[in-house]
Trainee: 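Could you have a look at this structure, given as structure tokens, before my questions?
Model, not experiment: these values are computed from the prediction.
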Amino acid sequence: QVQLVESGGGLVEAGGSLRLSCAASGSTFGSYAFGWFRQAPGKDREFVASISWSGGGARYTDSVKGRFTISRDNAKNTVYLQMNSLKPEDTAVYYCAAGSYYSTSPAQYDYWGQGTQVTVSS
């Protein structure tokens with residue numbers, strides 16, 4: 001069992017930056033892959049980024065490539081999403097998820113956090 005708690009969301013102007021954190025409980029943090037997903041009002045949950053258990057592999061959706069960076073600190077049981085050059089279309093609730101593979105599909109993740117709101121003003 002893994003419990004995930006996201007933090008770091010907030011209101012930022014377009015062009016600004018935020019860093020989201022996902023703190024995980026449990027001693028098996030290092031064996032999990034993690035993903036970040038987001039859901040805007042009226043839209044389906046969509047993949048943002050994912051990272052392998054070792055941190056050696058990462059994936060990004062095209063719209064965030066070059067702007068967002070996913071990373072993990074296994075010593076702190078924490079996964080991060082650094083978001084730069086934010087745009088109004090990045091506004092959504094961002095969710096952290098844990099699973100056995102750094103898939104782009106939400107169905108492949110077993111554990112989810114409660115989400116953190118990111119709002120980018122124009």
Side-chain angles (χ1 to χ4, degrees):
Q1 191 80 5
V2 177
Q3 292 186 323
L4 305 174
V5 179
E6 301 97 334
S7 62
L11 173 64
V12 63
E13 292 184 349
S17 299
L18 284 173
R19 187 177 79 159
L20 305 184
S21 298
C22 173
S25 64
S27 60
T28 57
F29 176 88
S31 65
Y32 285 98
F34 288 86
W36 284 98
F37 293 80
R38 65 188 180 187
Q39 188 166 19
K43 295 188 177 181
D44 293 334
R45 190 169 298 189
E46 67 169 350
F47 170 76
V48 177
S50 61
I51 190 165
S52 65
W53 66 271
S54 68
R59 294 191 171 99
Y60 298 91
T61 192
D62 286 346
S63 63
V64 308
K65 285 180 181 177
R67 300 189 298 124
F68 291 10
T69 302
I70 189 170
S71 62
R72 63 188 295 161
D73 185 337
N74 286 358
K76 295 183 178 180
N77 283 14
T78 303
V79 178
Y80 303 98
L81 185 68
Q82 178 66 44
M83 306 187 296
N84 299 328
S85 302
L86 283 161
K87 304 176 181 180
E89 52 263 44
D90 295 317
T91 295
V93 177
Y94 283 69
Y95 297 90
C96 175
S100 59
Y101 185 69
Y102 62 123
S103 172
T104 61
S105 169
Q108 298 299 312
Y109 290 85
D110 302 309
Y111 304 101
W112 291 83
Q114 297 285 9
T116 186
Q117 176 71 47
V118 172
T119 303
V120 184
S121 64
S122 57

Trainee: Side chains of Met83 and Leu20: does their closest heavy-atom pair fall under 4.5 Å?
Mentor: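 They are in side-chain contact.
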Trainee: Any side-chain heavy atom of Tyr60 sitting closer than 4.5 Å to one from Arg67?
Mentor: no
Trainee: Please report the closest heavy-atom contact between Ala14 and Pro88, naming both atoms and the distance.
Mentor: CB-CD, 4.1 Å
Trainee: Who passes salt bridge (charged side-chain N to carboxylate O under 4.0 Å, His left out) against Lys65, sequence neighbours left out?
Mentor: Asp62
Trainee: Does a sphere of radius 6.0 Å around CD in Glu89 hold more than 12 heavy atoms from other residues, nucleotides or ligands, not counting ones at 6.0 Å or beyond?
Mentor: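 Result for CD/Glu89: enclosed.
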Trainee: Going hydrophobic residue to hydrophobic residue with side-chain gaps under 4.5 angstrom, can you get from Leu4 over to Tyr80?
Mentor: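 No, because Leu4 and Tyr80 fall into different hydrophobic clusters, even though each may have its own neighbours under 4.5 Å.
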Trainee: Looking at residues at least two apart in the chain, or sitting in another chain, which of them share a salt bridge (charged side-chain N to carboxylate O under 4.0 Å, His left out) with Arg59?
Mentor: none
Trainee: Write out all pairs satisfying disulfide bond (SG atoms under 2.5 Å apart) with one or both partners inside residues 60-122, taking only residues at least two apart or from two chains.
Mentor: Cys22-Cys96
Trainee: Which atoms form the tightest heavy-atom contact between Gly16 and Val12, and what is the distance?
Mentor: CA-CG2, 3.8 Å
Trainee: Say you draw a straight line from OH of Tyr102 to CD1 of Ile70; how long is it, rounded to the nearest 0.5 Å?
Mentor: 11.0 Å
Trainee: Can you see which heavy atom on Phe34 is nearest to which on Arg72, and at what distance?
Mentor: CE1-NH2, 3.5 Å
Trainee: Tell me, please, which residues at least two apart from Phe47 pass ring pair (Phe, Tyr, Trp, His ring centres under 6.0 Å).
Mentor: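 If we apply the ring pair (Phe, Tyr, Trp, His ring centres under 6.0 Å) test to Phe47, skipping adjacent residues, the hits are Phe37.
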Trainee: Ignoring hydrogens, what is the shortest heavy-atom contact between Ile51 and Ser71? Give both atom names and the distance.
Mentor: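 Of all heavy-atom pairs spanning Ile51 and Ser71, the closest is CD1-CA, 3.7 Å.
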Trainee: Give every residue pair that meets the salt bridge (Lys or Arg N to Asp or Glu O under 4.0 Å) criterion with at least one member in residues 32-43, sequence neighbours excluded.
Mentor: Arg38-Glu46, Arg38-Asp90
Trainee: Phe29 and Val79: side chain to side chain contact (heavy atoms under 4.5 Å, CB included), yes or no, with the steps?
Mentor: CA-CA 10 Å; Phe29 176 88; Val79 178; 3.7 Å; yes
Trainee: Report yes if the side chains of Tyr109 and Ser50 come closer than 4.5 Å at any heavy-atom pair, otherwise no.
Mentor: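 Tyr109 vs Ser50: side chains touch.
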Trainee: Among pairs that include at least one residue of residues 110-122, which meet side chain to side chain donor-acceptor pair (under 3.5 Å), considering only residues two or more places apart or in two chains?
Mentor: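 Counting only pairs at least two positions apart or across chains, the side chain to side chain donor-acceptor pair (under 3.5 Å) contacts touching residues 110-122 are Gln117-Thr119.
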Trainee: Less than 4.5 Å apart, any side-chain heavy atom of Phe68 and any of Leu86?
Mentor: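 In short, these two side chains touch, coming nearer than 4.5 Å.
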Trainee: Of all the heavy-atom pairs spanning Val118 and Gly9, show the shortest one and how long it is.
Mentor: CG2-CA, 4.2 Å
Trainee: With the side chain counted from C-beta on, respond yes when Tyr101 and Gln108 share a heavy-atom pair under 4.5 Å apart, and no when they do not.
Mentor: no
Trainee: Kindly give the heavy-atom pair with the smallest separation between Ala24 and Val2, and that separation in Å.
Mentor: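 The answer is CB-CG1, 4.1 Å.
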